[in-house]
Amino acid sequence: MEQYQTLLEYAMQSSLEYISRVGQMSAYPTAKSLSTLNSYDEELPTAGDDPFSVLNFLHTVGAKATTAQIGGRYFGFVNGGLLPVAHAAEWMADTWNQNGALAVMSPVTAKLEELCEKWIVKLFGLPQETAMGLVTGSSNATLCALAAARNSLLQKAGYDMRSEGLRNAPQLRVLMSADAHASVKAALSILGFGENDIETIPTDEYGRIQAGAVPQMDSRTLCIIQAGNVNGGSYDPIDTICDLATQAGAWVHIDGAFGLWAAASKKYHYLTKGLEKADSWSVDAHKTLNAGYDCGIVLCRHRDAFVSALQANGSYIQYGEQRDGMMYTTEMSRRARAIPLWAVLKSLGADGVERLIDTLCERAEYFAERLRDNGFDVINPVFFNQFMVACETDEKTEIVLRTIQNSDVCWCSGSKWKGRNIIRVSVCSHATTREDIDKSVDVFKNALQEVQMK
Ligand SMILES: *Cc1c(COP(=O)(O)O)cnc(C)c1O
């Protein structure tokens, strides 16, 4: 017990030290910190080390090779920040080491998951009967939702996939945005849809499906659209596509990993107009909501179809009196994700969620405006919390990106957009202030000046 306490105290102290210096920390680890990672290289020790020195090894070497994800100037990918309440609740849940698979394994997790379902459904304005599962992330959320879609569409066509398998299944039609996220393609592939089975719907310069370009759908069609393109943050015309799909009896899935949160803001709700008409949705709490990692959310309005697609005994679903979280996922044993998620929602409230979303978006808007004023080409309107910028030539963009990534001050990732090199900026942490953005803009500005002088 004494050692347990010492270990936890050490973990707490080293964490507090980390938090207090993350503002001065390099946004991406320095070359020196990275090289010390080699000190981890060894064979599995025969005799173990004492736990204290193991933690110490993490603190002295590992912490320095982290990205400053919880700081205010990390703009890479769409990696969310971490709200203190999420962090602290996570610690408590870790202490309890609850298994979220079954209610009988963790009554508190079952209770909080039930509440999270109700709250999330209300927050996004989805149909009341919508079921929620807590999964690792949007990739898994999409997989779960599309499994339900596939089985359900086949069922409607008179084919029972669960007993017959896929071999003699009628052909389904899969429509997907040309700018769909890689995880959507991966989910389709796992579910037995090859590249040649998928029809891609063309998109405009910002990556949005043009409503007129959506092919005629029917009751064997699965249509996957997105709320928030991973590069520029643009939204497909959800309302129109959902109406077309409803008329045709097609299934619409919305990948809204970070962008679905627009639905919870009065100011940005218009971007997701009509989302409640879709059949399933995927979204992450570890992105825009700033809950800790490993907190994906899958939502599906057809509860039975959803649960039956994910369970081995799917045809005989028996709901217990309490909620068994595993029924809504591909997993059994799992983290009690509902605990930190509930804590975040409870502490923010609907107003706090809205404020968080609006602030991220306003910061992104400000960032883009300042970059535009400083000679950068901001490629898209700032729809939500992220945008793309570029210089005159691909070569210059590449050099500027490298300079930013090596600046220690801030970090952005790069990508290709319609054949052009771009720098992606994602404002996804509650910790990002205007000063953080000003400091980062200086880095961009100096990098551009340097490259112009050459
Ligand atoms: C991040 C992201 C995903 C994948 O989500 P994970 O949580 O990383 O599994 C899918 N779609 C979009 C648009 C994303 O931004």
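Here the structure is a predicted model, which means the values were calculated and not measured. Below, each value reflects all heavy atoms present in this structure, side chains not excepted, and no hydrogens, waters or symmetry copies. When a ligand or atom number is given, it counts from 1 through the structure's own listing order.
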Quiz item: Taking N or O atoms only and a 3.5 Å limit, does D284 qualify as a polar contact for ligand 1?
Solution: yes
Self-check item: Region of F258 that comes within reach of ligand 1 [heavy atoms, distance under 4.0 Å]
Solution: side chain
Self-check item: Counterpart residues, side chain to side chain donor-acceptor pair (under 3.5 Å), relative to T66 (two or more places apart)
Solution: Y18
Exercise. Indicate yes or no for a side-chain donor-acceptor contact from R173 to the backbone of R220 under 3.5 Å, with no hydrogens or angles considered.
Key: no
Self-check item: Distance filter under 4.0 Å to G137 heavy atoms, resulting ligand 1 atoms
Solution: 7 (O), 9 (O)
Quiz prompt | Working for side chain to side chain contact (heavy atoms under 4.5 Å, CB included), residues I19 and I70 | solution = CA-CA 8 Å; I19 291 165; I70 62 165; 4.0 Å; yes
Practice problem: Please write down residue, atom name and distance for the protein heavy atom closest to atom 9 (O) of ligand 1. | Solution: S139 OG, 2.5 Å
Exercise. Report the member of K287, Q226, H181, H286 with the shortest heavy-atom distance to atom 1 (C) of ligand 1.
Key: K287
Quiz prompt | Which residue and heavy atom of the protein sit nearest atom 11 (N) of ligand 1, plus the separation | solution = D255 OD2, 2.8 Å
Quiz item: Between Y328 and R323, is there a cation-pi geometry (under 6.0 Å to ring centre, at most 45° from the normal)?
Solution: yes
Quiz item: Between F444, F367, F387, which is the residue that forms a ring-ring contact (aromatic ring centres under 6.0 Å, His included) with F376?
Solution: F444
Side-chain donor-acceptor pairs of residues 426-433 under 3.5 Å, sequence neighbours excluded:
| unit_1 | atom_1 | unit_2 | atom_2 | d |
| --- | --- | --- | --- | --- |
| S426 | OG | F77 | O | 3.4 |
| S426 | OG | Q386 | OE1 | 3.1 |
| S429 | OG | A431 | N | 3.0 |
| H430 | NE2 | L82 | O | 2.9 |
| T432 | OG1 | G72 | O | 2.8 |
| T433 | OG1 | E435 | N | 3.4 |
| T433 | OG1 | D436 | N | 3.1 |
| T433 | OG1 | D436 | OD2 | 3.1 |

Exercise. Give the atoms of ligand 1, by number and element, whose distance to some non-hydrogen atom of V230 is under 4.0 Å.
Key: 15 (O)
Exercise. Please confirm whether S138 comes within less than 3.5 Å of ligand 1 when only nitrogen or oxygen atoms on both sides are compared.
Key: yes
Quiz item: G228 heavy atoms, cut-off 4.0 Å: which ligand 1 atoms fall inside?
Solution: 13 (C)
Self-check item: Parallel, tilted or perpendicular: ring planes of W411 versus Y28, cut at 30 and 60 degrees
Solution: parallel
Quiz item: Closer than 4.0 angstrom: is that true for some heavy atom of S183 and an atom of ligand 1?
Solution: yes
